[in-house]
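The first residue of the sequence shown is numbered 1, and numbering continues consecutively from there.
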Amino acid sequence: MSAKSLSLLALFGTLAVSAQAAELDITITNLTNGNHFTPILVAGHSSDLALFHAGDMASPALQKMAEGGDISDLEAAVDGAGAEKLVNPASGLLAPSHSTDVVSFDTQDSMYLSVVAMILPTNDAFIGLDSWKIPSEAGTYQVYLNAYDAGTEANDELITGGGMPGVAGIPAAPGGDGGMNGTGLEDMSGNDKVHIHPGVIGDLDPAGGPSDVDSRIHRWLNPVARMTVTVK
């Protein structure tokens, strides 16, 4: 083989390695009118890992996140798979209409991005992105995220301070705009798999009624979030 051919092969090999290692700038925006997102987890991973799949039963780790906002077990799963993670880019709750700062994320040889965070005030709703293929070409891309229902808890819409798996109720309304003394909604869906969330119902009575969620503030239509990704 000629020296020229060897040089070309070396160049192509370098390009192949470079294409697998993606340096990203990521921003996530809360598109809802009045809902907060708990700490966000972004995972860069291969096809062997998934934080969730619509149509499947929620894992205990996903349930823990969707009902109480605790991403620690999902973080551990990402670490255990040798994948990359971006944890809590908002440094706490992400308020309605707010965005995270632009955060750099070295995905190494990851091929996919996944995103989760609980939506408050809800029983078990979360923003979700499942295995979005990272583009190989440099540029800026926008991805819209839907709200999913983990299927692990009835949507009674009662703010009780709950949040641990198996403990019914909504942990809190971070905006201080939730109601109290609700009698509770009956969840008629019967869907115990991860599925697109139908949205909250709420009511207009802050001191009673069936729901502790304010329908004027907390209702949404999908999508609920936007992720802007710049591939360098």
Side-chain angles (χ1 to χ4, degrees), residues 9 11-32 37-59 61-66 71-90 94 98-119 125-151 193-197 220-232:
L9 285 174
L11 174 60
F12 291 149
T14 301
L15 290 175
V17 172
S18 298
Q20 292 174 356
E23 289 276 356
L24 311 178
D25 284 342
I26 294 178
T27 303
I28 296 175
T29 302
N30 182 338
L31 300 179
T32 69
F37 301 159
T38 61
I40 298 166
L41 174 63
V42 182
H45 57 91
S46 69
S47 59
D48 296 330
L49 176 69
L51 300 184
F52 73 98
H53 283 315
D56 290 352
M57 298 289 292
S59 67
L62 186 74
Q63 179 180 6
K64 190 174 182 179
M65 180 280 302
I71 57 176
S72 59
D73 286 0
L74 288 174
E75 283 186 65
V78 173
D79 290 340
E84 307 304 317
K85 65 184 181 184
L86 176 61
V87 179
N88 195 15
L94 184 60
H98 284 63
S99 300
T100 64
D101 291 333
V102 177
V103 180
S104 295
F105 185 26
D106 185 354
T107 62
Q108 299 294 326
D109 59 352
S110 302
M111 297 179 63
Y112 302 96
L113 283 183
S114 292
V115 182
V116 293
M118 184 188 183
I119 303 172
F126 65 97
I127 66 169
L129 180 66
D130 176 24
S131 302
W132 179 70
K133 183 70 177 293
I134 299 172
S136 58
E137 294 186 10
T140 297
Y141 303 83
Q142 290 191 336
V143 188
Y144 288 87
L145 283 63
N146 289 324
Y148 288 87
D149 190 314
K193 310 293 194 304
V194 177
H195 57 280
I196 291 292
H197 201 289
W220 73 76
L221 295 174
N222 279 320
V224 292
R226 181 180 65 239
M227 181 174 69
T228 302
V229 179
T230 299
V231 181
K232 300 177 182 179

Taking it one step at a time, do S47 and M111 satisfy side-chain contact (heavy atoms from CB on, under 4.5 Å)? CA-CA 8 Å; S47 59; M111 297 179 63; over 6 Å; no
If you apply the rule side-chain contact (heavy atoms from CB on, under 4.5 Å), what do you find for H195 with D149, and how did you get there? CA-CA 5 Å; H195 57 280; D149 190 314; 3.5 Å; yes
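The side chain to side chain contact (heavy atoms under 4.5 Å, CB included) search around I196 returns N146, Y148, N222, not counting sequence neighbours. Qualifying salt bridge (charged side-chain N to carboxylate O under 4.0 Å, His left out) partners for D25, counting only residues two or more places apart in sequence or in other chains: K232. With sequence neighbours excluded, the residues forming a side chain to side chain contact (heavy atoms under 4.5 Å, CB included) with E75 are L41, I71, K85, V87, listed by chain and number.
Heavy atoms only, all atoms of each residue included: I119 and A147 are closest at CD1-CB, 3.7 Å. Shown here for A66 and F126, the closest heavy-atom pair between the two residues is CB-CD2, 4.0 Å. Scanning both residues, A50 and D130, for their nearest heavy atoms gives CB-OD1, 4.3 Å. Nearest heavy-atom pair, A225 versus F37, reported as atom, atom and distance to 0.1 Å: CB-CE1, 3.8 Å. The shortest non-hydrogen separation linking A22 to T107 is O-OG1, 2.9 Å. Contact between S110 and E84 at its shortest, heavy atoms only, is OG-CG, 3.9 Å.
A donor-acceptor distance shorter than 3.5 angstrom exists from the side chain of T100 to the backbone of I28, with no hydrogens or angles considered. Here the side chain of T230 pairs no donor or acceptor atom with the backbone of T140 at under 3.5 angstrom. A donor-acceptor pair is defined here as one N or O able to donate and one able to accept, closer than 3.5 Å; no such pair exists between the side chain of T27 and the backbone of T228. With hydrogens and angles ignored, the 3.5 Å screen pairs no side-chain donor or acceptor of S131 with any backbone N or O of Y112.
Using a 4.5 Å heavy-atom cutoff, the side chains of L24 and V231 are in contact. Two residues are said to be in side-chain contact when any heavy atoms from C-beta on lie closer than 4.5 Å; N30 and H98 fail this criterion.
For the side-chain contact (heavy atoms from CB on, under 4.5 Å) with V42, the lone residue among V229, I26, N88, V116 that qualifies is I26.
Going from atom CG of L94 over to atom OG1 of T29 covers 7.5 Å, rounded to the nearest 0.5 Å. With rounding to the nearest 0.5 angstrom, the CG atom of L129 is 13.5 Å from the OH atom of Y144. A distance of 6.0 Å separates CG of L74 from OG of S59, quoted to the nearest 0.5 Å. Here CE of M65 is found 8.0 Å from CG of L51. Values are rounded to the nearest 0.5 Å. Interatomic distance, Q108 CD to H45 NE2, rounded to the nearest 0.5 Å: 15.0 Å. Interatomic distance, L86 CG to L113 CG, rounded to the nearest 0.5 Å: 9.5 Å.
No more than 12 heavy atoms of other residues, nucleotides or ligands lie within 6.0 Å of CD in E137, so this atom counts as exposed by the packing criterion.
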